[in-house]
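Each residue takes its place number in the sequence, starting with 1. Computed from heavy atoms alone, side chains included, the values below leave out hydrogens, waters and symmetry copies. Bear in mind that the values here come from a model prediction, so they are computed numbers and not experimental data.
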Amino acid sequence: MISAQDWADARRVWDYHQMGHSVRPCSVAIGLGSHDLGVADTAADLYKRGMAPLLLFTGATSPTTRERMPRGEAVHYQERALELGVPSTAILVEPRARNTGENIRFSRELLEEAGIEVSSVLLISKPYEERRAYATARKLWPGVEIVSASSPMTLDEYVDSIGDARLVIAMLVGAVQRLMIYPEQGFMISQPLPADVREAYERLCQAGFTSRLLTADTSSS
């Protein structure tokens, strides 16, 4: 059972993970690979709205995407964007990245190699990864402005789309933990953690939503 307190805590954490940025035109939109094709849908929509002249999809595969996206996350994102009417000339694919840090580093390298000047990035992620993606990009790409974006969904809508409430809440908890420990490891800039978010995180850990927590020897972003 997921209690009313668990849901209240999950919604507080969900809200914290979203940066609340106002979307505006940027040099490029970068879609971070994951299991969620909604990232590609959002990227295509933003492209059609004139928010970026170029889409870059980044991501290899992971244990959670290997079966669903056998050709790699970025390639499946590209295919989805093409289905939605984005021209192939407006899409770049970075197929090697296996974590958020590599997403940023490899995307930056690809754009530099292509001679594309970047002053601002529309960084598109899953809704609960906005803050983590932002903090990572600010650390690894300090010379550009980062505007965070994701599919405009409520927690309830996202849970419905995934079909596993406990897994989603566990992912929210895991994302908070990374925001707490990764700055010390040099993977991202530090983000303020309000007391009510920390308390919600701790209650959710005590309630058993711990499947996505990192162990002490984890060392990748």
Side-chain angles (χ1 to χ4, degrees), residues 1-23 29-46 49 51 57 59 62-65 68-69 73 76-77 80 84 99-100 103 122-138 146-182 188 190-214 221:
M1 289 290 294
I2 299 177
S3 71
Q5 182 66 63
D6 294 337
W7 279 114
D9 289 336
R11 289 190 176 91
R12 181 66 192 92
V13 172
W14 171 271
D15 290 343
Y16 170 69
H17 283 310
Q18 298 188 9
M19 297 297 295
H21 289 171
S22 297
V23 173
I30 298 178
L32 303 182
S34 72
H35 63 271
D36 188 352
L37 274 176
V39 173
D41 293 350
T42 300
D45 175 66
L46 292 170
R49 290 166 52 192
M51 295 297 145
F57 294 124
S62 70
T64 58
T65 63
R68 295 180 59 190
M69 300 180 179
E73 296 156 4
H76 282 265
Y77 279 15
R80 178 64 172 169
L84 294 172
N99 56 57
T100 308
N103 286 142
L122 191 54
L123 195 60
I124 307 168
S125 65
K126 300 186 294 294
Y128 67 89
E129 291 282 9
E130 275 195 25
R131 189 172 293 275
R132 175 185 174 186
Y134 172 82
T136 304
R138 283 286 311 280
I146 305 298
V147 179
S148 296
S150 64
S151 300
M153 305 175 75
T154 66
L155 173 59
D156 296 292
E157 289 170 339
Y158 193 76
V159 166
D160 288 344
S161 73
I162 299 299
D164 187 335
R166 292 197 67 87
L167 174 61
V168 170
I169 296 175
M171 291 190 291
L172 299 179
V173 170
V176 173
Q177 184 203 36
R178 287 157 176 79
L179 287 165
M180 294 167 63
I181 67 176
Y182 277 176
M188 61 175 63
S190 179
Q191 292 283 282
L193 187 66
D196 59 339
V197 176
R198 181 181 292 275
E199 292 164 2
Y201 163 79
E202 291 174 350
R203 281 192 296 266
L204 290 170
C205 287
Q206 293 168 3
F209 297 95
T210 57
S211 65
R212 292 304 174 108
L213 293 181
L214 300 171
S221 174

Worksheet item: Any side-chain heavy atom of V13 within less than 4.5 Å of one from L155?
Response: no

Item to complete: Over 60° means perpendicular and under 30° means parallel, so classify the ring planes of Y158 and W14, tilted if in between.
Response: tilted

Fill in: Separation of D9 CG from F209 CZ (nearest 0.5 Å)
9.5 Å

Worksheet item: Is a donor on one side and an acceptor on the other found under 3.5 Å between the side chain of H17 and the backbone of L172?
Response: yes

Practice prompt. For A29 and I124, work out which heavy atoms get closest and say how close.
Written response: CB-CD1, 4.0 Å

Worksheet item: Shortest non-hydrogen contact from L123 to A137?
Response: CD2-CB, 3.8 Å

Worksheet item: Going from CD on E73 to OG1 on T65, what distance comes out if it is rounded to the nearest 0.5 angstrom?
Response: 3.5 Å

Item to complete: Taking atom CZ of R166 as the centre, report whether more than 12 heavy atoms of other residues, nucleotides or ligands fall under 6.0 Å from it.
Response: yes

Worksheet item: Can a donor-acceptor pair be found between the side chains of D6 and S3 at a distance below 3.5 Å?
Response: yes

Worksheet entry | More than 12 heavy atoms from other groups under 6.0 Å of CZ on R138 | no

Fill in: Flag, side chain of R178 to backbone of G174, donor-acceptor distance under 3.5 Å
yes

Worksheet entry | Closest approach of A165 to I2 (non-hydrogen atoms, all atoms of both residues) | CB-CD1, 3.7 Å

Worksheet, complete the sentence: Closest non-hydrogen contact found for S34 with K126 is CB-NZ, 3.4 Å

Fill in: Chi angles and distances behind the side chain to side chain contact (heavy atoms under 4.5 Å, CB included) call for L179, L193
CA-CA 9 Å; L179 287 165; L193 187 66; over 6 Å; no

Fill in: Gap separating the OH atom of Y201 from the CG atom of L213, nearest 0.5 angstrom
5.0 Å

Fill in: With D36 via salt bridge (charged side-chain N to carboxylate O under 4.0 Å, His left out) - residues at least two apart
none

Fill in: Spatial distance of atom OH (Y77) from atom OG1 (T42) [nearest 0.5 Å]
9.5 Å

Worksheet item: If every non-hydrogen atom of R212 is compared with every non-hydrogen atom of A170, which pair is closest and at what distance?
Response: CB-O, 3.4 Å

Discussion item. Assess the residue pair H76 and R68 against the criterion (side chain to side chain contact (heavy atoms under 4.5 Å, CB included)); give the C-alpha distance rounded to whole Å, side-chain angles, the decisive distance to 0.1 Å, and a yes or no.
Written reply: CA-CA 9 Å; H76 282 265; R68 295 180 59 190; over 6 Å; no

Worksheet item: D156: what forms a salt bridge (charged side-chain N to carboxylate O under 4.0 Å, His left out) with it, not counting sequence neighbours?
Response: R11

Worksheet item: Given the rule in the side chain to side chain contact (heavy atoms under 4.5 Å, CB included) test, do D196 and Y16 qualify, once you have shown the distances and angles that lead to the verdict?
Response: CA-CA 10 Å; D196 59 339; Y16 170 69; over 6 Å; no

Worksheet entry | Atom of V39, atom of G31 and distance for their closest heavy-atom approach | CG1-CA, 3.9 Å

Practice prompt. May I ask you to decide if E157's main-chain N or O and T154's side chain share a donor-acceptor pair within less than 3.5 Å?
Written response: yes

Worksheet entry | E130 side chain to M19 backbone, donor-acceptor under 3.5 Å | yes

Fill in: Working for side chain to side chain contact (heavy atoms under 4.5 Å, CB included), residues L32 and E129
CA-CA 10 Å; L32 303 182; E129 291 282 9; over 6 Å; no

Worksheet entry | Distance (rounded to the nearest 0.5 Å) between I169 CD1 and L204 CG | 6.5 Å

Worksheet item: Checking H21 side chain against S148 main chain: does a donor-acceptor pair fall under 3.5 Å?
Response: yes

Worksheet entry | Approximate separation, where rounding is to 0.5 Å, of T210 OG1 and Q177 CD | 10.0 Å

